[in-house]
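The sequence lines fix the lettering, A, B, ..., with proteins before strands; numbering per chain opens at 1.
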Protein chains: 2
Amino acid sequence: MITSQPECDKVTPLTDTDRTTPAFAPHDHSACEARALDEAADRLAEQGGRMTPVRRRTLEILLESHRAMGAYEVLDRLAAEGFGRQPPVAYRALEFLVEHGLAHRLQRLNAFAACLHPGHDHAPAFLICRACDKLAELPAAPVRAALADLAGETGFAVERVTIEAVGLCPACAENPAGAEA
Amino acid sequence: MITSQPECDKVTPLTDTDRTTPAFAPHDHSACEARALDEAADRLAEQGGRMTPVRRRTLEILLESHRAMGAYEVLDRLAAEGFGRQPPVAYRALEFLVEHGLAHRLQRLNAFAACLHPGHDHAPAFLICRACDKLAELPAAPVRAALADLAGETGFAVERVTIEAVGLCPACAENPAGAEA
DNA sequence: CCTAACCATGTTACATGATAACAAGTCAAC
DNA sequence: GTTGACTTGTTATCATGTAACATGGTTAGG
Ligand SMILES: [Zn+2]
Ligand SMILES: [Zn+2]
Ligand SMILES: [Zn+2]
Ligand SMILES: [Zn+2]
C-alpha cells in the first residue's frame, strides 16, 4: 500500500497516520512546519530555484495553518511585513511555489496551500473541511488509476487531474460548533 | 458495468459510446441537444422548478457546443438577445441550472456547461480538452469509490467531489492543429 | 376583482481574483 | 565594471462573483 505511492520517507520517518491525516489529527505542528520547510529547501537545491525572502515568507505563511489561503490574504500578510503591497507580489511568489512543487493550488477555493510532502513530484487528492477550512492531502494514485481506466476507453489523454473533496473532518463531524484551532 | 452507475435510459436508448464520449465523437448534435432539453424539462417538472425564458435560453446556449462557457460569455449572448446585461442575470440562471442538475460548474475553468444526462442526480468526472475546449462527462462511480476508501481511513465525511482532468481528446491528439468544430 | 405573498428579473455598486506592462534593483559571469 | 538573467516593485486594467435593492409577474385567499 505504501510502495505504490512514494511519500516523504527521506527526511523523517512518518507513520501511516502522518501520511494521510496530518491536518485533521492533533500533532506537533511546529515540527510539521519545520520539516516541510527543510524538504522544500532540499527540493529547491535539486531543482535550482532560489529561495528568496518573499518566497520563503510566503511559504511560511501558508505553512502556519493547514488551510488554503487566498492570494490577497497572503498579500496582506506580506505587505504588513514590509514586502510589496501589489497583487503580483503574492501571485508571483505563489506561482513559484506551485511550479516547484512546494505548494498546491486549490481550484474549488481559488486559493493556495503549502505542500506537506514537497520531497518529490506528486499530485494528491485534497479533503477540504467546510467547517474549519483545514485541508488534507491524500495519495491519489488509486483514484487516478480509476480515472485513467475510464478516460482510456474514450481515447482521451489525461495530462493533469484535479481531485478535491469538500466535507467534514472528524473533529468537526463530532462537534458541529467551532472545532479546535 | 452499467447497473452500478445509472445513466439516461428513460428517454432514448444510448449505446455505450454515447454514454462516455458524446462530446468527442462525431454525432447528431441537434438530437443530442433536443434530448438534453427534453430530459431537463422532465426533471424540472418532477422537482417543481420553473423553466422560464432566461433559464431556457441559458441552457440552450450552453447546449449549443460541448464546451464550458464563462458566465460573462453567457451574459453577452443573453444581453444580445434582449435579456438583462448585468452579471446577476447570468449567474442566477446558471446557479438555477446547476442547483437543479441541468448544468455543471467546472472549477478549473471558472465556467459552466450543460449537463448531458440531466435525467437524475449524478456527479460525473470531466475530461476537458485543452486544444478544442470540448468537454466529456464520465460516470465517476469507480473513481469516487476509490476516493471514498481513502477518505474513510481518515474519518473525513466526503460530501461533494470535484474530479476534472485536462488533456487532449482523440481528435486533437491526432491532429495537433485545429480540430474539427 | 383585489390584494398579499412569493418569486423572477432587472438594476447599481462593489468585492474578490488575476494579469499585462513597465521600472528599478540584485547578482553572478565574463 | 559591464552585460545579462532574474527578482521585486509599481501602475493600470481585466475577469469573476455578490450584495442590496427596485420592479414586475403569478398565484392563492378574500
Ligand atoms: Zn501541521
Ligand atoms: Zn473541520
Ligand atoms: Zn452533442
Ligand atoms: Zn480536442
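Contact annotation: B:Arg55 reaches the phosphate of C:dA8 (side-chain N/O to OP1 or OP2, under 4.0 Å). Phosphate proximity of C:dG17 to B:Asn110: absent, as no side-chain N or O sits under 4.0 Å from OP1 or OP2. Regarding contacts with the backbone of C:dA28, every side-chain N or O of A:Arg50 stays at 4.0 angstrom or more from both OP1 and OP2. For D:dT8, the OP1/OP2 oxygens have no side-chain nitrogen or oxygen of A:Arg57 closer than 4.0 Å.
The nucleotide whose nearest atom lies closest to any side-chain atom of A:Tyr91 is, among C:dA18, C:dT11, D:dT7, C:dA18. Checking D:dG17, C:dG17, D:dT10 against the side-chain heavy atoms of B:Pro87 singles out D:dG17 as nearest. When each of D:dT18, D:dT8, C:dG10 is scored by its nearest atom to the side-chain atoms of B:Val54, the top-ranked nucleotide is C:dG10. Nearest to the side-chain atoms of B:Gln86 among the listed nucleotides D:dT7, C:dT11, D:dG17 stands C:dT11. Closest to the side chain of B:Arg92, out of C:dC7, C:dT9, D:dT10, is C:dT9.
Aromatic pair A:His104/A:Phe112: centroids not less than 6.0 angstrom apart.
Where B:Phe112 and A:Phe83 meet DNA chain D, the nucleotide closest to each residue was compared, and A:Phe83 sits on the side nearer the 5' end.
Atom C1' of nucleotide C:dG17 and atom CD of A:Glu95 are separated by 14 Å, given to the nearest angstrom. For B:Glu73 and D:dT16, the CD to P distance is 9 Å, given to the nearest whole Å. Distance B:Leu109 CG to D:dA15 P: 16 Å, rounded to the nearest Å. Rounded to whole Å, atom P of D:dT7 lies 12 Å from atom CG of A:Leu97. The interatomic distance linking B:Met51 (CE) with C:dT9 (P) rounds to 11 Å, in whole Å. For A:Leu94 and D:dT8, the CG to P distance is 12 Å, given to the nearest whole Å. Rounded to whole Å, atom P of D:dT16 lies 14 Å from atom CD of A:Gln107. When rounded to the nearest whole Å, the span between NE2 of B:His100 and C1' of C:dA8 equals 13 Å.
Taking the six-membered ring where the residue is Trp, B:Phe24 and A:Phe156 present parallel rings, their angle staying beneath 30° rather than reaching 60°.
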Atom pairs and distances, donor-acceptor, side-chain atoms in residues 93-101 of chain A, under 3.5 Å, two or more places apart:
{"unit_1": "A:His100", "atom_1": "ND1", "unit_2": "A:Phe96", "atom_2": "O", "d": "2.9"}

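Under the 4.0 Å criterion applied to side-chain N and carboxylate O atoms, A:Glu73 and A:Arg77 are not assigned as salt-bridge partners.
A donor-acceptor contact under 3.5 Å is formed by the side chain of A:Tyr72 with the base of C:dA18.
Atom-to-atom distance recorded for A:Leu135:CG and A:Cys129:SG is 10.0 Å, nearest 0.5 angstrom. Here CG of B:Leu109 is found 12.5 Å from CE of B:Met69. Values are rounded to the nearest 0.5 Å. A:Leu59 CG to A:Met51 CE: the interatomic distance, rounded to the nearest 0.5 Å, is 5.0 Å. Atom SG of B:Cys132 sits about 10.0 Å away from atom CZ of B:Arg67, to the nearest 0.5 Å.
Rotation axes derived from the C1' atoms of the five outermost pairs at either end of the helix from C:dC1-D:dG30 to C:dC30-D:dG1 lie 10° apart, to the nearest 10°.
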